[in-house]
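The next block holds one structure in the form of structure tokens; read it before the comments.
Throughout, protein chains are lettered first and strands after them, A, B, ... in sequence-line order, and every chain is numbered starting at 1.
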Amino acid sequence: MESMLSKGYEPHEVEKKWYTHWETNGLFAAAEKDDRPAYSIVIPPPNVTGVLHMGHALNITLQDILCRYRRLCGDNVLWMPGTDHAGIATQNVVERDLTASGIDRHQLGREKFIEKVWQWRQTYGSAIINQLKKLGASCDWQRERFTMDEGLSRAVKKVFVQLHQEGLIYKGNYIINWCPRCMTALADLEVEHEDHEGHLYHIMYPVAGGEKGPIVATTRPETMLGDTAVAVNPEDSRYAYLAGKEVELPLTGRKIPVISDKYVDMAFGTGALKITPAHDPNDFEVGRIHNLPSLKVIGDDGKMTAEAGKYEGLDRFECRKAVLKDLEEQGLLVKIDSHDHAVGHCYRCHTVVEPNLSKQWFVKAGPLAEKALAAVKTGRTKIVPEKWENDYYKWLENIRDWCISRQIWWGHQIPAWTCGQCGGITVAEQTPEHCSSCHSTDLVQDPDVLDTWFSSALWPFSTMGWPDETALLKTFYPTSVLVTGFDILFFWVARMMMMGMHFMDDVPFDDVYIHALVRDEKGKKMSKSTGNVIDPLTIIEKFGTDSLRFTLTAFAAQGRDIKLSEKRIEGYRNFINKLWNAARFSFMHIKQNYASDAFSDLSLPDRWILDRLKTVSQNMAEALDTYRFNDAANELYQFVWHEFCDWYLEFIKPALYGNKGDAEEQSSKKVLWRVLHDTLILLHPIIPFVTEEIWHILPGTEGSIMQATFPSDKTMSGQISLDPDAVREMDLIMAVITGVRNIRGEMNISPSKALDVLVQTADENTRNLLEQNREFVIDLARLDSFVVEPVGEKPKGTATAIVEQAIISVYLEGIIDFGQEVARLEKEIAKIDVEIVKLDKKLTNPGFVNKAPEDVVGKVKLQHQEYVEKKEKLTANLDRFQSLQAE
RNA sequence: GGGCGGGUAGCUCAGUUGGGAGAGCAUCGGCCUUACAAGCCGAGGGUCACAGGUUCAAGCCCUGUUCCGCCUACCA
């Protein structure tokens, strides 16, 4: 069989084979009702038009690890998959496609356009899903959902109607963020602020009659055309003379009042503030209080309106230039200061957002936020790492109403109808026949659609069939954990909490695990425009999925971003290959099923590796239970490579080759089978493909490794117990071997040259231990002779290493120049001296000896003594060498 | 403006109640030892950003400084 196994692991065929196998055999399927404990995760639905990026890869890998792990633990696992309709993003994509063929969506009309988008989804919507599958995602694909599905749309309507009835959704005229390119309103969250070096323009507004008046300061001079007042602080003596007067608004000929409001900061700018209620949220508020008219001078298309007079039709930024030029000509532009300020951009197309007066729908967020806040404060839902809880609190405590209407076509159309007769609004789940106010049938549905995040907020329960009371909800809601990046903590997590508490009367998830962002090797956010993206699919093509998964897992430390480079992935690809080869080697010797064989005649390495296996299993479980993914990965890496491969396999080779007698051969084969078997299961959640492949070659396994049982006290059934004696004893044996190897390496002695070694120690236990395991030492240190004796005559012409109490002497006569050994010993002694000085300082400090806990003092004393003894032995040797040299 | 995170080996980062500074990669030396050169054996390398403080003891706790990153905000 081993001849069938290639020398290097080749992932591609293996991955395809097993993914198909898992899926067609229903191994990802959750049971709606079941006696097993339920474990559930809803996927953060990727945009239906999206392409897989590293963020997804990390996010999916971590969820898949948890799901596979919980299945191995015997849970009934539901991983609910699906996609998000991503209103603005998707509409933009399809529009761009139309534009390419010279069509405007308005030519097409709403219905045709939406049809086009559905077609688009039909064609490309499965792309992202297939990419998730390439990552090995073990989602229950039979249950895949889409936010525009019939069922989910029903949930959206029901939520909208109920919130409206409860007064938590309202329509009103307010300042909102407007993207002139997407031609839609945006929520506050959807605006990305960037610091810009801008200017603060000081403009003189003459008092009526042309005399000098107040000077206002603004960063957006074009908005002056929409000013309806100038405000000053009532306590500002500089402007007292203006109270109640009017000033002339330059370039317009309009007269506007000077009003007093203590909102104005006397210290900022000139202390006189222009008021533009239609284009600034603060001004809007001031205008409301003072009953000022609102004048909209910037249109929804970003061009100046008729209200802007001669500037009509100019782009807003062109208009800024024109206004400044005209003001300058009239001598009214007093001064220009440079001024840094934040400018809002659309998070979808990066156009500068315009605050605009507009009639929109809003969610009254306060009451919903309270419950969401309490759920985390009381610990009902735990956010991991905990530090994110603060951000969560802060945002919810200062939450503002949420603008949910979007002026696009792709999305859930708002279930509200305006009456052509009385103007009343009827909100209903089903298309109403009559106006709820005047009973007219002249009804037109609101053309706007809802914010995509409105429907994603319902995801944890809408995907499970809500508003019906389904078995799925009963079994799996609340979900066990939500795994996501911090960038959507507010967008999505907080809103799911609000909706979950309000409509399900319970949190949507017990835990929230917030993972890092994946960046490039320089720490920059990966983006297409910067061209620094590492494409997961390319990586998979090159290194295989398991390599990518293991890399991401090993770097998924809590609270820090992941800087990824190909070099790293290559390193973990080597690990996969190492595992593959260890298995290949094992299968040269394991030809039968040892599953039910009791252990007997265990050698020291056997006992040791079983102890390590058990410890690692426990650590692995603990790490995954607390979302310390990197710890889990590193623990396994260390164990597999540096304990199992580097030591255990080397130790048992002679036994496997039959050089140690039948009993030890059988014993080691049984243990090898068990360790390989359990290690594969431990690794499977992180690297599912290679483990499944090896699993099927391992004699005695049945079915998929997905159906195996995670190693625990139960499965180890008392056969494998912690064995601290074995660990201690092995540490000594390994130290002796390393001591000899060290001398060999430092002295440049060829590895093929077998050495003669003498170990002297007064400790009888150590002598017995070394005698009992002498074959191991001889094999791994490559010795010709190995003598163990009580301390006696010091040998001549040897290099020395000290392990615990034992003096290891390697005969060098005829091999090496003794001067080299002198240098080596001096170096070694110098190192020990540093340690002794450090420990001396502690022990001569009365504060330490008196105040430190006894065990700590004891430990230091012991350590000190050990170093001193070691030094004495090395020094004695050094002396002999020096005298030898002198001869 | 407010808040948060970070600064540990050449690089990327671990370091969970304060008690012997770690890993991977890179570097250097030696090896085709019949699972693996995507490998094996060994070695070197750190004033834990800086300055104070608490403590017998600080990478870890406190204060300040500095640099970097991010989030958030209606001072025009």
Side-chain angles (χ1 to χ4, degrees), chain A residues 2 5 7-9 175 188 193 200 216-220 223 231 263-265 267-276 280-285 339 341-342 355 385 387-388 390-391 394-395 398 400 486-487 489-490 517 519 521 523-525 543 554-555 557-565 567-568 570-589 626 628 630-631 634 637-638 642 645-646 649-650 653 657 738 741-752 780 782 835 838-839 842 845-853 855-857 859-860 863:
Chain A
E2 61 270 20
L5 300 185
K7 207 167 158 181
Y9 174 62
I175 292 274
D188 296 338
H193 292 277
L200 195 57
V216 301
T218 179
T219 54
R220 295 188 300 152
T223 62
Y263 160 75
V264 179
D265 180 356
F268 189 91
T270 60
L273 176 62
K274 62 191 271 313
I275 301 294
T276 323
D280 183 281
N282 297 315
D283 293 7
F284 177 76
E285 190 55 24
H339 179 71
H341 63 135
K387 63 164 182 166
W388 293 109
N390 281 329
D391 291 82
K394 218 166 280 171
W395 189 72
N398 300 305
R400 281 178 296 167
F486 60 80
D487 49 333
L489 181 61
F490 308 140
L517 241 50
R519 299 172 179 279
E521 54 195 314
K524 279 197 159 167
K525 201 167 167 172
F543 300 106
F555 281 95
Q558 290 186 1
R560 198 190 276 251
D561 287 344
I562 298 176
K563 290 183 198 165
L564 197 68
S565 73
K567 193 95 194 163
R568 306 260 161 78
E570 196 182 328
Y572 287 103
R573 186 270 315 266
N574 295 354
F575 173 74
I576 307 287
N577 193 52
K578 185 75 181 177
L579 174 70
W580 174 253
N581 275 290
R584 203 159 68 95
F585 170 75
S586 302
F587 295 140
M588 292 169 67
H589 301 96
T626 51
R628 288 181 356 253
N630 59 321
D631 284 353
N634 290 325
Y637 184 98
Q638 209 63 24
H642 298 304
C645 290
D646 286 353
L649 290 182
E650 295 303 326
K653 267 181 185 174
Y657 285 115
T738 303
R741 283 175 176 173
N742 180 315
I743 289 169
R744 193 191 281 279
E746 295 263 293
M747 305 294 234
N748 274 331
I749 302 167
S750 157
S752 56
L780 271 69
R782 235 175 232 244
E835 296 303 320
K838 271 207 289 207
L839 296 174
K842 277 191 177 180
N845 179 351
F848 175 73
V849 184
N850 295 330
K851 291 191 182 174
D855 59 317
V856 174
V857 177
K859 231 165 83 181
V860 172
Q863 219 173 6

Whole-Å distance between [N] [atom2] and [X] [atom1]?
{"X": "A/Arg220", "N": "B/C75", "atom1": "CZ", "atom2": "C1'", "result": "13 Å"}
{"X": "A/Phe848", "N": "B/C56", "atom1": "CZ", "atom2": "P", "result": "13 Å"}
{"X": "A/Lys7", "N": "B/G39", "atom1": "NZ", "atom2": "C1'", "result": "9 Å"}
{"X": "A/Trp395", "N": "B/G3", "atom1": "CH2", "atom2": "C1'", "result": "17 Å"}
{"X": "A/His193", "N": "B/G1", "atom1": "NE2", "atom2": "P", "result": "17 Å"}
{"X": "A/Asn630", "N": "B/U16", "atom1": "CG", "atom2": "P", "result": "12 Å"}
{"X": "A/Ile576", "N": "B/G39", "atom1": "CD1", "atom2": "P", "result": "13 Å"}
{"X": "A/Phe490", "N": "B/G3", "atom1": "CZ", "atom2": "C1'", "result": "11 Å"}

**Asked** Does the A/Asn581 side chain pair with the main chain of A/Asn577, one donor and one acceptor, at a distance under 3.5 Å?
**Response**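 Judged by distance alone, yes, a pair lies under 3.5 Å.
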**Prompt:** Okay, side chain of A/Arg400, backbone of A/Asp188: is any donor-acceptor separation there less than 3.5 Å?
**Reply:**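 Pair absent, no side-chain N/O of A/Arg400 close to backbone of A/Asp188.
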Using a heavy-atom cut-off of 4.0 Å across all strands, would you classify [X] as base, sugar-phosphate, or nothing?
{"X": "A/Val264", "result": "base"}
{"X": "A/Asp855", "result": "nothing"}
{"X": "A/Asn748", "result": "sugar-phosphate"}
{"X": "A/Arg741", "result": "sugar-phosphate"}
{"X": "A/Tyr637", "result": "sugar-phosphate"}
{"X": "A/Ala342", "result": "base"}
{"X": "A/Glu746", "result": "sugar-phosphate"}
{"X": "A/Thr738", "result": "sugar-phosphate"}
{"X": "A/His589", "result": "nothing"}
{"X": "A/Tyr657", "result": "sugar-phosphate"}
{"X": "A/Pro355", "result": "nothing"}

Euclidean distance for [atom1], [N] against [M] (whole angstrom):
{"N": "B/U65", "M": "B/G7", "atom1": "C1'", "value": "14 Å"}
{"N": "B/C13", "M": "B/C62", "atom1": "P", "value": "24 Å"}
{"N": "B/A23", "M": "B/C41", "atom1": "P", "value": "14 Å"}
{"N": "B/A26", "M": "B/G3", "atom1": "P", "value": "43 Å"}

Taking only N and O in the side chain of [X], is any of them less than 4.0 Å away from OP1 or OP2 of [N]?
{"X": "A/His339", "N": "B/A76", "value": "yes"}
{"X": "A/Arg400", "N": "B/C74", "value": "yes"}
{"X": "A/Tyr572", "N": "B/U12", "value": "no"}
{"X": "A/Lys842", "N": "B/G20", "value": "yes"}
{"X": "A/His642", "N": "B/A23", "value": "no"}
{"X": "A/Lys567", "N": "B/G24", "value": "no"}
{"X": "A/Asn581", "N": "B/G39", "value": "no"}

**Request:** Tell me which of A/Gly8 and A/Gly847 sits closer to the 5' end of RNA chain B, going by the nucleotide each one is nearest to.
**Result:**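 Upstream on the strand: A/Gly8.
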**Message:** Both A/Asp391 and A/Arg782 contact RNA chain B. Taking the nearest nucleotide for each, which residue is further toward the 5' end?
**Reply:**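 First, find each residue's nearest nucleotide; the 5'-ward one identifies A/Arg782.
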Can you check whether [X] reaches [Y] side chain to side chain, under 4.5 Å on heavy atoms?
{"X": "A/Phe848", "Y": "A/Val860", "answer": "yes"}
{"X": "A/Arg220", "Y": "A/Asp280", "answer": "yes"}
{"X": "A/Arg782", "Y": "A/Arg741", "answer": "no"}

**A/Lys653 bridged to A/Glu650 by N-O distance under 4.0 Å** =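 Looking at A/Lys653 and A/Glu650, the cut-off is met.
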**Message:** Taking atom types as they are modelled, would you say the side chain of A/Lys578 forms a donor-acceptor pair with the base of B/C36 within the 3.5 Å cutoff?
**Reply:**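 Answer yes: a donor N or O sits under 3.5 Å from an acceptor.
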**Item:** Proximity to the side chain of A/Asn577 - top-ranked nucleotide from B/A38, B/U33, B/C74
**Value:**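 Side chain of A/Asn577 sits closest to B/A38.
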**Message:** From the set B/A21, B/C40, B/C56, return the single nucleotide nearest to any side-chain atom of A/Lys838.
**Reply:**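 So the nucleotide nearest the side chain must be B/A21.
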**Prompt:** How about A/Tyr572 and A/Tyr637: are their ring centres within less than 6.0 Å of each other?
**Reply:**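 Yes, ring centres under 6.0 Å apart.
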